[in-house]
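Residues take their numbers from the sequence shown, with the count starting at 1. Side chains included, hydrogens not; waters and symmetry mates left out as well; all remaining heavy atoms used.
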Amino acid sequence: MLNGGAVRPAGRAGGCPAGPGPGRPQRPPPLPAATERFHTASVCARRSERMGTEAGGAAAKPRRLAARPVPQPKRGTERTVSRGRCPRLRVEAMKRVLESLNLNIVEMIDENATLDGGDVLFTGREFFVGLSRRTNQRGAEILADTFKDYAVSTVPVHDALHLKSFCSMAGPNLIAIGSSEAAQKALKTMQQMSDHRYDKLTVPDDAAANCIYLNIPSKGHVLLHRAPEEYPESAKVFEKLKDHMLIPIANTELDKVDGSLTCCSVLINKTSEL
């Protein structure tokens, strides 16, 4: 149980109703800007792989975490999740930046909870949380408890570091997904868990599926993606997005230390009041 909400298994057969009703939170309309708002940012804890193995094991199952809806925070504030398992100086530096933007900080103090930002995919409508070597069920529950006005569903991650190792948002309703068996299995789980039908953009290389979508008023749809010299076939797929401004990014060196594009960014839905 999570604040009075039931933890439900994936799929319609598992009891998830097709629409709003008793036992299921009402969903707000999708956010108009920065579809991939990285609420959890890089302040989310990264515990060592040995401390997070329970989440990525064979017993991990997809679930929808239901929590009662609460009023939206007042304009000019957001909530983010933080805890101190990554180097403390990094946590404190990130907190100072978020606080300077008038964002509310929620500390993850549960020693049994692990939550890596690379496992948190926000679509603008709901959250998908990968259960991996770096994120476990308790971490996902804390995220659901923090963002009670959005549906949160868990997705087991196998043969990858975390969820966004092979998927990310490439547009307001568009999921970029890799071609590997692990990526396609995770996509199928997300499709079963969600009542919304997302478009998909399948790329040959899992690593290339990690991209950054921005909705910039003066530029429109902007997509940062891996450079053609790194993943030429995947770059050809991105080039089919004619309504996007495409910005190729070379990331080979950061890749050597598990640094994907989304790992190196914190996106803020900035308003005129900030």
Side-chain angles (χ1 to χ4, degrees), residues 34-38 40-42 44 46-49 52-53 55-56 60 62 86 114-124 127-135 154-191 198-214 221-241 244-267:
T35 300
E36 180 90 23
R37 262 199 319 181
F38 203 43
T40 52
S42 59
C44 292
R46 290 189 177 187
R47 297 181 75 177
S48 63
E49 292 181 4
T53 51
C86 54
T114 62
L115 184 65
D116 188 306
D119 282 312
V120 180
L121 181 68
F122 181 58
T123 70
F127 287 95
F128 293 108
V129 179
L131 299 182
S132 69
R133 290 173 293 177
R134 293 184 171 182
T135 297
T154 58
V155 181
V157 174
H158 303 285
D159 302 321
L161 183 62
H162 44 56
L163 181 63
K164 288 194 286 193
S165 294
F166 49 64
C167 73
S168 60
M169 297 306 295
N173 193 54
L174 181 63
I175 296 179
I177 187 75
S179 298
S180 70
E181 181 179 350
Q184 292 298 311
K185 185 176 181 179
L187 176 65
K188 183 177 180 180
T189 298
M190 290 189 285
Q191 291 172 332
Y198 296 97
D199 297 324
K200 66 177 181 178
L201 181 72
T202 304
V203 296
D205 308 285
D206 279 9
N210 183 278
C211 55
I212 299 175
Y213 169 73
L214 302 169
H221 302 295
V222 178
L223 188 68
L224 282 64
H225 66 89
R226 297 296 292 270
E229 57 266 29
E230 296 177 324
Y231 299 105
E233 296 305 313
S234 292
K236 292 177 181 178
V237 176
F238 286 119
E239 289 170 0
K240 297 178 182 179
L241 299 174
H244 285 53
M245 175 188 290
L246 301 177
I247 302 177
I249 303 291
N251 197 56
T252 304
E253 290 304 309
L254 290 174
D255 239 357
K256 296 176 182 178
V257 289
D258 299 325
S260 299
L261 294 182
T262 58
C263 298
C264 304
S265 63
V266 178
L267 306 184

With no hydrogens and no angle check, is any side-chain donor or acceptor of [X] less than 3.5 Å from a backbone partner on [Y]?
| X | Y | answer |
| --- | --- | --- |
| Ser132 | Arg134 | yes |
| His158 | Lys185 | no |
| Asn210 | Leu261 | yes |
| Ser260 | Cys263 | no |
| Asp116 | Thr135 | no |
| His244 | Leu223 | no |

Looking only at non-hydrogen atoms, find the nearest pair between [X] and [Y] and report the distance.
| X | Y | result |
| --- | --- | --- |
| Ile177 | Ala183 | CD1-O, 3.4 Å |
| Cys211 | Met169 | SG-O, 4.0 Å |
| Ala186 | Leu163 | CB-CD1, 4.5 Å |
| Arg226 | Ala208 | CG-CA, 4.0 Å |
| Phe166 | Ala182 | CZ-O, 4.1 Å |
| Tyr198 | Thr123 | OH-OG1, 2.7 Å |

- [ ] Could I get the full list of side chain to side chain contact (heavy atoms under 4.5 Å, CB included) partners for Glu229, not counting sequence neighbours?
- [x] Ala227, Ala250

Task: Test side chain to side chain contact (heavy atoms under 4.5 Å, CB included) applied to Ser179 - qualifying residues, sequence neighbours left out - done: Thr202

At what distance, to the nearest 0.5 angstrom, does [atom1] of [X] lie from [atom2] of [Y]?
| X | Y | atom1 | atom2 | value |
| --- | --- | --- | --- | --- |
| His225 | Leu246 | NE2 | CG | 4.5 Å |
| Phe122 | Leu267 | CZ | CG | 12.0 Å |
| Thr154 | Phe128 | OG1 | CZ | 10.5 Å |
| Leu131 | Asp119 | CG | CG | 8.0 Å |
| Ser168 | Leu201 | OG | CG | 9.5 Å |
| Leu174 | His221 | CG | NE2 | 10.0 Å |

Open item on the list: Just so I know, are the side chains of Leu187 and Cys167 near enough to count as touching, which here means a heavy-atom distance under 4.5 Å?
Closed with: no

- [ ] Return the set of residues passing salt bridge (Lys or Arg N to Asp or Glu O under 4.0 Å) with Lys236 (not counting sequence neighbours), or none when no residue passes.
- [x] Glu233

